[in-house]
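Notes to accompany the following structure.
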Amino acid sequence: MYIAVVESWSKYYQVYLEGVSFEPNARRRVAMGLLHLSLEHQQSILNLAKCNLFGSSFALLRCQFESLLRGLWFLRCANDSDIDKFVLNKRIDLVVNSLIKDLETTEGYKNGALKRYKSGKWKAMNDYTHGGFFQTASRTQGDEVTGRNLSEYSSWILTESSKLSLLAVLDICQIIEQPELSHILSAAYLDIVKKSS
């Protein structure tokens, strides 16, 4: 049931964002690419969940979170030198805690939500991504190997992934300079996802 709700949200924002254009510059291109990648991870998490491949969907949550953070940071915080290095594929340190610290000085993130999100979920995201205890222990029941134990967490992964997708969608609206669209999509998220959880 919850898969259908998240799929509705995903299809809804895709209708509005597919093929949008924006005034190109390096900052916007980098940010857009990373935010779009974050949304692709959300859609992959959804598709893996539809196939009952929850272990792999869990592993993508950290990828989704990090591409979101990087996209937000390049849009809101990076200096021109950072952007030039990234575009030229030169080394740039994108440490998660530093990205969050910088982002939480910008409008919409000053409340500390990103730091709280990371502190509450980072250990689990690393476990899922790197094959830690939870990822492996949930695959066995007695002497049987099974992934069934992960399915009980399906609403959690889909909820978390949907939350991150909303943040990506809102900053994409900023890039394409359509603030009214961010209001439409926020309202749709609340109507589709929040009312169902």
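Along the sequence shown, the residues carry numbers beginning at 1. Quantities reported herein were computed from a predicted structural model and do not represent experimental measurements.
Evaluation of the ring-ring contact (aromatic ring centres under 6.0 Å, His included) test over residues 32-52, restricted to residues two or more places apart or in two chains, returns none. Applying the ring-ring contact (aromatic ring centres under 6.0 Å, His included) rule to pairs touching residues 69-102 yields Phe74-Phe86, sequence neighbours excluded. Listed by first and then second residue, the salt bridge (Lys or Arg N to Asp or Glu O under 4.0 Å) pairs involving residues 55-68 are Arg62-Glu66 (not counting sequence neighbours).
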What side-chain donor-acceptor pairs closer than 3.5 Å can you find for residues 163-177, not counting sequence neighbours?
residue : atom : partner : partner atom : Å
Lys163  : NZ   : Glu160  : OE2          : 3.2
Ser165  : OG   : Trp9    : NE1          : 2.8
Ser165  : OG   : Ser162  : O            : 2.7
Asp171  : OD1  : Arg76   : NH2          : 3.0
Asp171  : OD2  : Arg76   : NE           : 2.8
Asp171  : OD2  : Arg76   : NH2          : 3.4
Glu177  : OE2  : Arg28   : NH1          : 3.2
Glu177  : OE2  : Arg28   : NH2          : 2.6

Exercise answer: donor-acceptor pairs, residues 43-51 side-chain atoms, under 3.5 Å, sequence neighbours excluded:
residue : atom : partner : partner atom : Å
Gln43   : NE2  : Tyr13   : OH           : 3.1
Ser44   : OG   : Glu40   : O            : 3.0
Asn47   : ND2  : Gln43   : O            : 3.2
Lys50   : NZ   : Glu7    : OE2          : 2.6

For residues 92-100, run the donor-acceptor check on the side chains, cut-off 3.5 Å, and write out each pair with its distance to 0.1 Å, sequence neighbours left out.
residue : atom : partner : partner atom : Å
Asp93   : OD1  : Arg91   : NH2          : 2.8
Asn97   : OD1  : Lys118  : NZ           : 2.9

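With sequence neighbours excluded, the residues forming a ring pair (Phe, Tyr, Trp, His ring centres under 6.0 Å) with Tyr117 are Phe65, listed by chain and number. Shown here are the side-chain hydrogen bond (donor to acceptor under 3.5 Å, both in side chains) partners of Glu104, two or more places apart in sequence or in another chain: there are none. Not counting sequence neighbours, the partners of Tyr16 by the ring pair (Phe, Tyr, Trp, His ring centres under 6.0 Å) test are Tyr12. Applying the side chain to side chain contact (heavy atoms under 4.5 Å, CB included) criterion to Ser81, with sequence neighbours excluded, gives Asn79, Lys85. Contacts of Ser10 classified as side-chain hydrogen bond (donor to acceptor under 3.5 Å, both in side chains), with partners at least two apart in sequence or in another chain: Gln14. Asp84 pairs by the salt bridge (Lys or Arg N to Asp or Glu O under 4.0 Å) definition with nothing, not counting sequence neighbours.
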For this session: Determine, step by step, whether Asp80 and Arg27 satisfy the side chain to side chain contact (heavy atoms under 4.5 Å, CB included) criterion, reporting the C-alpha distance in whole Å, the side-chain angles of both residues, the deciding distance to 0.1 Å, and the verdict.
Result: CA-CA 8 Å; Asp80 291 342; Arg27 178 178 304 278; 3.5 Å; yes
For this session: Tell me, with the steps shown, if Leu181 and Leu17 meet side chain to side chain contact (heavy atoms under 4.5 Å, CB included).
Result: CA-CA 9 Å; Leu181 182 56; Leu17 298 179; 4.1 Å; yes
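To the nearest 0.5 Å, the span separating CZ on Phe58 from CG on Asp127 amounts to 10.5 Å.
Ring-plane geometry between Tyr128 and Trp156 is classed as perpendicular, the angle between the planes exceeding 60 degrees on a 0 to 90 degree scale with a lower cut at 30.
Side chain of Arg29 to backbone of Val87: no donor-acceptor contact under 3.5 angstrom is found.
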